[in-house]
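See structure below.
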Amino acid sequence: MTLLPAAAAEAQLASNVEAQASSMATQSGPITSKEEAVERARRLTWIPSDAVMSEPQYWDSQAGPAWRISFTQAGAAEGGNSPFRLEISLSGADGSLLMLSSTKKLEATAPDADRIAVSFEEASEIARSYIDGLDLGLDTEWALDPYPESEYSTRGQDKSLHKLRFQRIVNGIPFDQNRFTVWVNAVGSVVSYDVYWSASTFAEPANILSLQEAQVKLLEEADLVLSYGYIADGQPRPVYTLATSIMDAVDGSYPDNRNVPNPYPSSGQMKPLSAEILEPLTSNGIASEVTQLARIRQVLGLADDDALELRKQDISSGIYMVAYPSKTDGSLREASLIVDNLTGQLDDFQYYDWANYSWVTEPKVSEQEAKAKAESFLRQAVPAYMNQLAHYKTELTISKDNTTTQPEYRMEYIRVANGIPFRNQLVEVVVHAYTGELMRMNAHLHAAAYPPDQAPVMSKEKARRLLLSLYDVRVTYASERVFEAKLYYELMLKPTVPRFYTGAAPSLDSLSGEWRNYIGEPIVGPLPPPESGNWVEELLSSPEYIQYTAGVVMDDVPLYLVHEPVIRDGSTLVPVRELLERMGAEVRWDADTRQIIIAKGSTRIELKLDDAAAVMNGELHQLEVPAQLVDSSTYIPIRAVAEALGAKVEWEAESRLIRIGTNGELSLPTEASLRQWRLEHQRHWEATGSRQAIERSGDKTDSKSSMKRSLTAMEALRLGYEEAKRHTDEEPLLIHMTSIDDTALQQVRSDGQDGKRSAWSLSFGSAKGNIHIRIAIRNGELSVDRVAKDDTNSLQKGMYVISDIHIDSSRAVQRSIEAMGMRPGDPEVADDWMKGYHFEIAGFHTAPHSSSTRLMLRVIGISPNSPGRMGESLRMIVFFDGKTGEMLNASDMTGYDENGRTMWREVEF
């Protein structure tokens, strides 16, 4: 298809650049009058000679004195829409052009039904050719903006036209505040254009941060917002979004005037006004007139026999206008109120005080007193929400320069759950800063499901990395002040990332890891789109960025160790048990001799702590460094020991990777393999959420040998989920998990009494296969004892995303003890088949011989009726609904039948 040239009708605007430069040179010198401004404007050769000029307007710009002059096309109707408009500003100091803004509609070729419509790419070339054919006196480079607009911002525009948006380029860097937009129709005719250009001084890009330095800072510092978004699947979802968007390219700061501040910096820690539920929240009926009036009297502090005049009443909408006597001076007061018909809570309150307080310049009431007044009022107005409202912010407005502003404290209270705020669910309360009267209250609260106790599964570090991967990082000019452009690094949502109608970027579900749009709907498809590239992964996998000390790759598969390798005197040391047991060796510790004994097949190695001598199959060898304790774990030099066991070891210095070939062979790695291994080890190093969770949740108990910590079912599930994510590119779904006795620790009767166990076995699955994980707490650290995979497709077994589970073992065991009298298994009683309390989460069959399953948590202990008639230990089982936490049923063992099979009965509760 032939691209159309610039419209011939614009020939009158075209002029020689040299002639224009000569023309501008004759204009130097100050402009001191309207007449001089008109004369200078008339000398601009690119302004149509028949254009109608407005009277120049003088103004003091930030660049100094200036003259603003407008032009319209000759013959345009007075006050009508001119097809051509132009506005310029000329410097009063030297007559130079400060600003140009122009719009023009053209006589375009009408679309032809028989002609194939031009593509966007072809329209882009047409628009570029058109701009190049114009001369507006601007020696400026323009480049097509690759980032799309939102549907909302273009909602009123003609979608049959191609809109081509060009931005000014200076020093090879976009200056987005100067734009040239061209509209092209289906047959390739330019329909109209508009342009905005301004004179600016541009900072030199020589001394700015490099792109990689900016990316590293963003990866480490970008601020996240954690809040409940809109409801999805019947439940509010806590989601992560980015708060940071622009960085100063010189000093790496985040200017407040260019970044939207994080609205909830204390998210996750916001405490509600009441720890108790003061009134149940109902949303299943229409409040009666009696209920509404009772709420009004309660809010106003009126007794049943106090006067209350109804001046306006609309029961269906809950709107009331009332008058009532003041309890302080008996004067008549007026107020309007709205009572929510569904919940019976107050939606709106307005108290009318017509007095003039413009003379008040200092508050008479303190902020603390105003808050106390507001919160006392809220206890009467919205008692059902008091356990869900947290103070958000307070602003004081007061008269200045004798204005008529009322002196007021404006306080906002936001709905929270688990310390996390609900986006857009607020109550505003206004207290008079002089009289202390409560003036207004307005509630924006939805009678939606309140989420159960749940904390984000995904760490902030991981969320930041995933969110940043949706953006490009580009350097850009932006005007800090008029006519002065500074350099910034800006996050730009990649063109191929799906946007919401308003342009809002995807958010990240902190429970499931799913991508969601602004209203909570899941986003289908991989993010970021594979074709868009991923600078985050490239950075994480670069040798310059990696932060781990050393990583292990065994048989070309990354091996994740809980205790990171260390480097001592040029030798790499690894935790002995963690690594060698995965190589199939047996490791034994002799505490009396401080000796480590390693055996595999016919090979036997004996090491001593802090001794560089090693005995390998009876022969003495000298190690470069001795075995030693590092943070209470035993470390050994890997090369000598692994090679003695028949393995081959290589050190990739740039990547800081220990490569081990257990069969004695290693192939030359590709750069792609090294990059992937670096990336996976960097991700593992960053995944400190697991250890942090242990530090947060584990409780210390004194022990002669170690510090013992333990996990609830949900804590273990989150850790297991994070481990499973490292072994699959699909979302791991839970098949089954159970607590187990950890034989490495002494069992006590109280194990599990708080819902915590030190060892768990978990199975996750996806369409590609299953992952089986065993985790335990050893010496206060997380130990992944086993990770096994199989290719069995277990989707049909009933698998669940972890966000489906809304009850934890701590709550379940407490109810089992209180309601059912369940006892723990006693390690000292040989017949007690289990020790302490145990827990299991899975899909259990709902009835005998039924194929349907239900997600449940099972608590296992000992019946209060134990022992039985024959002295046998009797077990007890209690089931809880995994989604609602409801206790479903309980049964206990009554003994054995003649065939040795256990007998059970259902227990009422």
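Index from 1, following the sequence.
For the pair Arg423 and Tyr518, the cation-pi test (distance below 6.0 Å, angle within 45°) is passed.
With values rounded to the nearest 0.5 angstrom, Lys883 atom NZ is found 14.5 Å from Ile807 atom CD1. Separation of atoms CG (Leu762) and CG (Leu719) is listed at 9.0 Å; rounding is to 0.5 Å. Ser326 OG to Leu300 CG: the interatomic distance, rounded to the nearest 0.5 Å, is 11.5 Å.
Between the side chain of Asp808 and the backbone N or O of Met714, at least one donor-acceptor pair lies under 3.5 Å. In this structure a side-chain-to-backbone donor-acceptor pair under 3.5 Å is present from Asn517 to Glu521. Remark: side-chain polar atoms of Ser816 are paired, donor with acceptor, to backbone N or O of Ala812 under 3.5 angstrom. A donor-acceptor pair is defined here as one N or O able to donate and one able to accept, closer than 3.5 Å; such a pair exists between the side chain of Gln345 and the backbone of Ala384. Remark: side-chain polar atoms of Asn259 are paired, donor with acceptor, to backbone N or O of Ser245 under 3.5 angstrom. In this structure, the side chain of Lys494 engages the main chain of Ser469 through a donor-acceptor pair within 3.5 Å.
Under 4.0 Å is where a charged nitrogen must lie from a carboxylate oxygen, and between Arg516 and Glu514 at least one such pair does. In summary, Arg333 and Glu437 engage in a salt bridge, as defined by a charged side-chain N under 4.0 Å from a carboxylate O. Classification of Glu715 and Lys756 as a salt-bridged pair fails, no side-chain N sitting under 4.0 Å from a carboxylate O. The pair Glu362-Lys364 fails the salt-bridge criterion, with no side-chain N (NZ, NE, NH1 or NH2) lying under 4.0 Å from an Asp/Glu carboxylate O. Salt bridge annotation for Asp304-Arg297: absent, with no cationic side-chain nitrogen under 4.0 angstrom from a carboxylate oxygen.
Considering only heavy atoms from C-beta on, Val878 comes within 4.5 Å of Met822 through its side chain. Val429 has its side chain within reach of Leu378: a pair of non-hydrogen atoms, C-beta onward, lies under 4.5 Å apart. Taking 4.5 Å as the limit, some side-chain heavy atom of Leu226 sits within range of a side-chain heavy atom of Pro456. Annotation: side chain of Glu279 is not in contact with side chain of Leu281 (no heavy-atom distance under 4.5 Å). Side-chain contact between Leu857 and Glu840 is absent, with no heavy-atom pair separated by less than 4.5 Å. By the 4.5 Å heavy-atom criterion applied to side chains, Leu346 and Asp348 are not counted as neighbours. Ile817 has its side chain within reach of Tyr837: a pair of non-hydrogen atoms, C-beta onward, lies under 4.5 Å apart. Taking 4.5 Å as the limit, some side-chain heavy atom of Val427 sits within range of a side-chain heavy atom of Leu389.
Judged purely by distance below 3.5 Å, without hydrogens or angles, the side chains of Asn418 and Tyr228 pair a donor atom with an acceptor atom. Asn341 and Gln292 are linked by a side-chain donor-acceptor pair at a separation below 3.5 angstrom, with hydrogens and angles left out of the test. Side-chain contact annotation: Gln425 with Gln388, donor-acceptor N/O pair under 3.5 Å absent. Side chains of Ser227 and Tyr240: no donor on one and acceptor on the other come within 3.5 Å. Between the side chains of Gln269 and Ser266, no donor-acceptor pair is found at a separation under 3.5 Å.
For the ring-ring contact (aromatic ring centres under 6.0 Å, His included) condition, the pairs that include at least one residue of residues 255-281, sequence neighbours left out, are Tyr264-Tyr392.
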Task: Stepwise salt bridge (Lys or Arg N to Asp or Glu O under 4.0 Å) test for Arg258 and Glu490 - done: CA-CA 10 Å; Arg258 299 205 167 272; Glu490 182 176 17; over 6 Å; no
- [ ] For Glu408 and Arg440, run salt bridge (Lys or Arg N to Asp or Glu O under 4.0 Å): C-alpha distance rounded to whole Å, both residues' side-chain angles, the deciding distance at 0.1 Å, then the answer.
- [x] CA-CA 10 Å; Glu408 295 176 341; Arg440 298 188 300 279; 3.1 Å; yes
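Taking the six-membered ring where the residue is Trp, Tyr152 and Tyr501 present perpendicular rings, their angle passing 60° and hence far from 30°. In this pair, Phe349 and Phe377 present their aromatic rings tilted. The plane angle is within the 30 to 60° band. A tilted orientation is assigned to the rings of Tyr434 and Tyr357, their planes being inclined by 30° to 60°.
Shown here for Gln380 and Pro383, the closest heavy-atom pair between the two residues is O-CD, 3.6 Å. Closest approach of Lys371 and Tyr413 over heavy atoms only: O-OH, 3.9 Å.
Here the options are Pro148, Pro506, Ser150, the test is side chain to side chain contact (heavy atoms under 4.5 Å, CB included), and the partner is Arg499; only Pro148 passes.
Environment of CD in Glu220: crowded, with over 12 heavy atoms of neighbouring residues, nucleotides or ligands closer than 6.0 Å. No more than 12 heavy atoms of other residues, nucleotides or ligands shown are found within 6.0 angstrom of CD1 on Ile277.
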